[in-house]
Q: 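The structure's right below; bear with me while I get my questions together.
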Amino acid sequence: MTDSLKNLKLVNKDAFQHDLIEWFSNEQRDLPWRKDKNPYKVWVSEIMLQQTRVDTVIPYFNRFIEQFPTINDLADAEEEKVLKAWEGLGYYSRVRNLQSAVKEVKEKYGGKVPDTKEEISTLKGVGPYTAGAILSIAYGVPEPAVDGNVMRVISRILSIWEDIAKPSTRKTFETAIYELISHENPSYFNQALMELGALICTPTSPSCLLCPVREHCHAFHEGVENELPVKTKAKKQRQVQLASVVIREDEKTVIHKRSSSGLLANLWEFPTVEVTSPFMFDKSYVEALLMEEIGIEVKLGQAVGKIEHVFSHLKWDIQVFEGELKAPIKEDENLKVVSPEEIVEYPFPVPHQKIMKQYYHEE
DNA sequence: AACACGTGGGC
DNA sequence: TGCCCAAGTGT
């Protein structure tokens with residue numbers, strides 16, 4: 001690691017901080033979570049922004065804060081409502097952890113978000129990046145907030161050739177930021193690095209001629225900005241075959257709640273079972289699975305269509321069937337018969353929103 | 001350390 | 001189309 005940071009001492013730290021913060025002061029985007037430094041709002045925004053683009057987050061953030069304006073509002077909310085507010089954002093454990101952590105802040109910290117690295121890091125869903133981001137932005141504490149942007153920008157500034165896909169590499173960048181961070185304005189320093197990564201120092205074809213810190217950039221001087229950062233590529237998604245059934249009963253349909261752990265936890269869907277591809281269209285086999293796993297007696301009708309959905313780590317291939325009940329449903333916490341007006345109250349993952357849109361219409 | 005965990009946009 | 005990516009964390 002010492003060798004990977006060999007250029008650190010060559011940076012004119014004061015000039016770098018000044019040029020970076022000056023640029024951010026003038027060019028930062030007007031974003032809803034930048035209106036004040038309310039630690040709760042900063043927290044919510046940082047959780048939403050994990051692995052998620054700014055443009056995607058903006059409307060979710062505005063609705064979320066309108067619906068849950070304070071820590072107490074979120075702590076006291078029904079989980080179903082919270083999940084519905086997150087519907088479509090993905091990585092749903094983020095919001096489960098957020099609500100759990102907010103309850104802890106309410107009970108253990110009197111409703112005040114902790115302002116030390118040690119305490120804030122114990123909260124569920126708050127890892128090293130989010131801890132540093134909240135501490136620096138909301139409280140002005142000079143802690144690093146190393147995300148993908150920061151690794152990309154700093155790998156170019158300091159010409160660091162470590163693989164940023166490796167978990168251990170983050171420490172190299174934290175060490176660099178501890179050395180480089182402005183103690184005058186850690187909030188702007190951290191945000192400026194991320195903003196620079198988003199607007200100028202982009203993954204492909206960075207706009208070096210517009211960059212406020214190009215004269216401090218080792219990669220620019222060497223002409224290797226397009227070779228950095230080094231990042232090994234992810235492996236391909238695993239294929240999963242599913243069968244879903246849309247059941248029409250009068251003006252209603254049947255929905256089922258997913259497991260409380262794992263993929264899309266606690267979200268609702270049309271009754272769905274995993275099938276091995278040879279049996280994709282074997283109706284009696286799918287009917288048996290629906291009975292065993294969900295407890296519904298269904299007569300499958302025709303296959304009405306197919307939905308494909310790609311996750312980060314797997315690919316769903318859903319065969320959609322029509323079906324009717326052979327026996328009445330016994331509703332419980334995880335199984336409901338709902339009307340079109342009611343179904344919109346339940347949080348659905350995107351693949352099943354696609355089914356709703358294409359194969360489930362009222363009338 | 002490696003993998004689970006979502007989604008939509010860009011090229 | 002397919003692949004990469006975007007303000008990561010938990011296990």
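These numbers come from the heavy atoms of this one structure, side chains and all, not from hydrogens, waters or symmetry mates. Order of the sequence lines sets the chain letters (A, B, ...), proteins ahead of strands, with each chain counted from 1.
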Q: Using a distance-only criterion (donor-acceptor N/O pair, under 3.5 Å, no hydrogens), is the base of dG8(C) paired with the side chain of Y129(A)?
A: no
Q: Of all the nucleotides listed (dG8(C), dC5(B), dG10(C)), which has the minimum atom distance to the side chain of N97(A)?
A: dG10(C)
Q: For the pair made of NZ in K124(A) and P in dC5(B), what is the distance, rounded to whole Å?
A: 19 Å
Q: Would you say dG10(C) has OP1 or OP2 under 4.0 Å from some side-chain N or O of R94(A)?
A: no
Q: Share the residues that join F220(A) in a hydrophobic cluster, the rule being Ile, Leu, Val, Met, Phe, Trp or Tyr side chains under 4.5 Å apart at the heavy-atom level.
A: none
Q: Could you give the distance separating dC3(B) and dC4(C) at their P atoms, to the nearest angstrom?
A: 16 Å
Q: Base, sugar-phosphate alone, or nothing: which one does R34(A) contact when heavy atoms must sit under 4.0 Å apart?
A: base
Q: When only distance counts, do a donor and an acceptor, one from the side chain of T56(A) and one from the base of dG8(B), lie under 3.5 Å apart?
A: no
Q: Which of these nucleotides, dT7(B), dC4(C), dA2(B), is closest to any side-chain atom of Y92(A)?
A: dT7(B)
Q: Taking for each residue the nucleotide of DNA chain B with the nearest heavy atom, is it L314(A) or T204(A) whose nucleotide lies nearer the 5' end?
A: L314(A)
Q: Take atom P in dG6(B) and the same atom in dT11(C), then report the distance between them in whole Å.
A: 14 Å
Q: Any side-chain donor paired with an acceptor under 3.5 Å for T52(A) and R94(A)?
A: yes
Q: Base, sugar-phosphate or nothing for V126(A)? Non-hydrogen atoms, less than 4.0 Å.
A: sugar-phosphate
Q: Would you indicate, yes or no, if dA2(B) has its OP1 or OP2 atom less than 4.0 angstrom from a side-chain nitrogen or oxygen of K235(A)?
A: no
Q: Find which nucleotide of DNA chain C each of L49(A) and S121(A) is nearest to by heavy atoms, and output the residue with the more 5' nucleotide.
A: L49(A)
Q: Under 3.5 Å, is there a donor-acceptor pair linking the side chains of H309(A) and K354(A)?
A: yes
Q: Using a heavy-atom cut-off of under 4.0 Å over every strand shown, decide if G197(A) touches base, sugar-phosphate, or nothing.
A: nothing
Q: What integer distance in Å separates D163(A):CG from dA1(B):C1'?
A: 13 Å
Q: Rounded to the nearest Å, what distance is computed from the NZ atom of residue K231(A) to the P atom of nucleotide dC3(C)?
A: 16 Å
Q: OP1 or OP2 of dC5(B) versus the side-chain N and O atoms of H313(A): is any pair under 4.0 Å?
A: yes
Q: Mind calculating the distance between CG (L267(A)) and C1' (dT7(B)) to the nearest angstrom?
A: 13 Å
Q: Would you indicate what W33(A) reaches in the nucleic acid, counting non-hydrogen atoms under 4.0 angstrom: base, sugar-phosphate, or nothing?
A: base
Q: By nearest atom, which of the nucleotides dA6(C), dT7(B), dC4(C) is closest to the P203(A) side chain?
A: dA6(C)
Q: Could you check how far CD1 of I47(A) sits from P of dT9(C), rounded to whole Å?
A: 7 Å
Q: Expressed in angstrom and rounded to an integer, what is the separation of R238(A) atom CZ from dA4(B) atom P?
A: 7 Å
Q: Of the nucleotides dC3(C), dT7(B), dA6(C), which has the atom closest to the K236(A) side chain?
A: dC3(C)
Q: Any side-chain N or O of H309(A) below 4.0 angstrom from OP1/OP2 of dT7(B)?
A: yes
Q: Are OP1 or OP2 of dT9(C) and a side-chain N or O of T130(A) less than 4.0 angstrom apart?
A: yes
Q: Can you tell me if S4(A) and E162(A) form a side-chain donor-acceptor pair at under 3.5 Å?
A: yes
Q: Measure from CD on E308(A) to P on dG8(B) and round the result to the nearest Å.
A: 15 Å
Q: Between L123(A) and R53(A), who's closer to the 5' end of DNA chain C by nearest nucleotide?
A: R53(A)
Q: Remember a base hit wins even if backbone is also touched, and classify K233(A) as base, sugar-phosphate or nothing at under 4.0 Å, heavy atoms.
A: sugar-phosphate
Q: Y60(A) and W86(A): aromatic ring centres closer than 6.0 Å?
A: no
Q: Separation of Q51(A) atom CD from dG9(B) atom C1', in whole Å?
A: 15 Å
Q: V54(A) near the nucleic acid: base, sugar-phosphate alone, or nothing, with a heavy-atom cut-off under 4.0 Å?
A: base
Q: If we take the P atom in both dA6(C) and dC5(B), what is their distance in whole Å?
A: 23 Å
Q: Checking only heavy atoms, does the side chain of T52(A) share a donor-acceptor pair with the base of dG6(B) at less than 3.5 Å?
A: yes
Q: Would you tell me whether E22(A) and S25(A) have side-chain atoms, one donor and one acceptor, within less than 3.5 Å of each other?
A: no
Q: From dG6(B), dA1(B), dA6(C), pick the nucleotide closest to the side chain of R152(A)?
A: dA6(C)
Q: Would you call K35(A) and D30(A) a salt bridge, taking side-chain N to carboxylate O under 4.0 Å as the test?
A: no
